[in-house]
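Remember, predicted model here, so these are calculated numbers, not experimental data.
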Amino acid sequence: GYRVSLQGNFFGRNHTYITFAEYNPRKHIKLDPPLNIQSNVTASKCQIWWSVPWYLVEILQYELQYKEYSMSWEIALNKTPPSSLPQIEIEATELRSGIAYIARVRCKVSENEDSYHSQWSEWSQTTVFQRPGVPKLSEKILNTRIMQFLFIPLSFGTLLYLFWNCKLSSRWQKASSALTFPRQLLSFSHSITCTMGILR
């Protein structure tokens, strides 16, 4: 380790102040932020990945922040990858459809690492992603109600049409019967008249 001290001249006299009696640089590391953060969104999830030096991959841990693009970082959501791999997934159910999101990531040496210790790096550059738009529940309900409103009058109109046709058909049959009966009666009377004329 090292001994770190601060020297100064105050009022013409030199003074030495001990800042760290034993300073170990391995325990006071601040890493550069991750690079090349990228994202890809599917119907079920959003995948985000980034780059770090290959020799640090196994000893780092990460923290991801994401939020709606128009919101402040102060209300961003934090997410920790389950492993040391420089990638993470966000389930689609955690995202609102049709809304743009922005994410960033930072890193530090893992708490499980005994040889090194570091503070969080600065935040990386950002990546923007958006879940594909899907019909909202309210829209589905609205469409269903519209279909119901259309179905009821159409059904009523069809029934009314069938009923009216049946009624007209019934009246026509009755009218046909009424016209046939006088003709049959007239024919019968004519037959009787002819028979009586022969008998005479």
Side-chain angles (χ1 to χ4, degrees), residues 1-2 4 6 19-20 23-156:
Y2 299 85
V4 179
L6 176 65
T19 306
F20 296 99
Y23 180 78
N24 187 345
R26 291 188 174 189
K27 302 293 185 180
H28 301 84
I29 298 172
K30 184 173 182 178
L31 300 169
D32 291 330
L35 302 172
N36 304 321
I37 182 170
Q38 300 178 59
S39 57
N40 180 56
V41 183
T42 64
S44 60
K45 60 188 174 183
C46 172
Q47 296 176 309
I48 302 175
W49 64 94
W50 53 89
S51 301
V52 293
W54 63 269
Y55 50 84
L56 295 176
V57 169
E58 295 184 357
I59 66 170
L60 296 185
Q61 69 182 67
Y62 307 96
E63 182 180 39
L64 179 88
Q65 269 193 344
Y66 70 98
K67 67 180 184 71
E68 293 184 15
Y69 193 87
S70 59
M71 298 297 183
S72 168
W73 283 111
E74 295 179 356
I75 58 173
L77 299 175
N78 295 335
K79 203 170 184 68
T80 302
S83 70
S84 62
L85 295 177
Q87 63 185 37
I88 195 170
E89 293 182 353
I90 303 175
E91 296 297 325
T93 53
E94 301 178 52
L95 306 173
R96 296 170 58 193
S97 62
I99 300 297
Y101 285 82
I102 186 171
R104 62 185 184 180
V105 66
R106 62 182 180 175
C107 65
K108 72 174 184 177
V109 175
S110 172
E111 301 289 348
N112 299 324
E113 181 63 38
D114 296 328
S115 301
Y116 300 92
H117 181 76
S118 73
Q119 57 182 303
W120 285 110
S121 71
E122 299 296 328
W123 290 104
S124 69
Q125 297 295 316
T126 58
T127 182
V128 178
F129 54 93
Q130 181 173 321
R131 179 186 173 189
V134 295
K136 297 180 181 178
L137 181 59
S138 58
E139 293 178 355
K140 292 181 179 179
I141 295 175
L142 179 61
N143 291 337
T144 302
R145 289 181 177 175
I146 290 174
M147 291 302 296
Q148 289 176 345
F149 289 144
L150 290 176
F151 177 77
I152 293 173
L154 287 175
S155 299
F156 179 76

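- In terms of heavy-atom proximity, Pro132 sits nearest to Thr42 at CD-O, 4.1 Å.
- Shown here is Gln38, whose CD atom has more than 12 heavy atoms of other residues, nucleotides or ligands within 6.0 Å.
- What you find for Glu122 and Pro33 is that their closest heavy atoms are O-CB, 3.1 Å.
- The local environment of CD in Glu94 is crowded, with over 12 non-hydrogen atoms from other residues, nucleotides or ligands closer than 6.0 Å.
- At a threshold of 4.5 Å between non-hydrogen side-chain atoms, the residues Trp120 and Gln61 count as touching.
- Remark: side-chain polar atoms of Tyr101 are paired, donor with acceptor, to backbone N or O of Arg96 under 3.5 angstrom.
- Ser51 contributes no side-chain N or O that, together with a main-chain N or O of Asn36, makes up a donor-acceptor pair within less than 3.5 Å.
- If you take OG on Ser39 and CD on Gln87, they are separated by 13.5 Å, rounding to the nearest 0.5 Å.
- Taken from CG in Asp32 to OG in Ser121, the straight-line distance is 8.0 Å, to the nearest 0.5 Å.
- Atom CG of Asn78 sits in a crowded spot, with more than 12 heavy atoms from other residues, nucleotides or ligands closer than 6.0 Å.
- In this structure, the separation between CH2 on Trp123 and CD on Gln125 is 13.5 Å, given to the nearest 0.5 Å.
- Applying the salt bridge (charged side-chain N to carboxylate O under 4.0 Å, His left out) rule to Glu91 yields no partners; only residues at least two apart in sequence or on another chain are considered.
- Considering CD1 of Ile88 and NZ of Lys45, their distance stands at 12.5 Å, rounded to 0.5 Å.
- Taking both residues in full, the closest heavy atoms of Leu64 and Arg104 are given as CD1-O, 3.3 Å, listed atom of the first, atom of the second, then distance.
- Atoms OH and CG, from Tyr116 and Leu31 in turn, are 11.0 Å apart once rounded to the nearest 0.5 Å.
- Remark: Glu63 does not engage Lys108 in a salt bridge, criterion side-chain N to carboxylate O under 4.0 Å.
- With rounding to the nearest 0.5 angstrom, the CG atom of Leu60 is 5.0 Å from the SG atom of Cys107.
- Among all heavy-atom pairs drawn from Cys46 and Phe129, the shortest one is SG-CD1, 3.6 Å.
- Contact record, Trp73 with Ile102: CH2-O, 3.8 Å, taken as the closest heavy-atom pair.
- Of the possible polar contacts, one joining the Ser124 side chain to the Val105 backbone as a donor-acceptor pair under 3.5 Å is found.
- Pairing each heavy atom of Trp50 with each of Ile37, the nearest pair is CB-CA, 4.0 Å.
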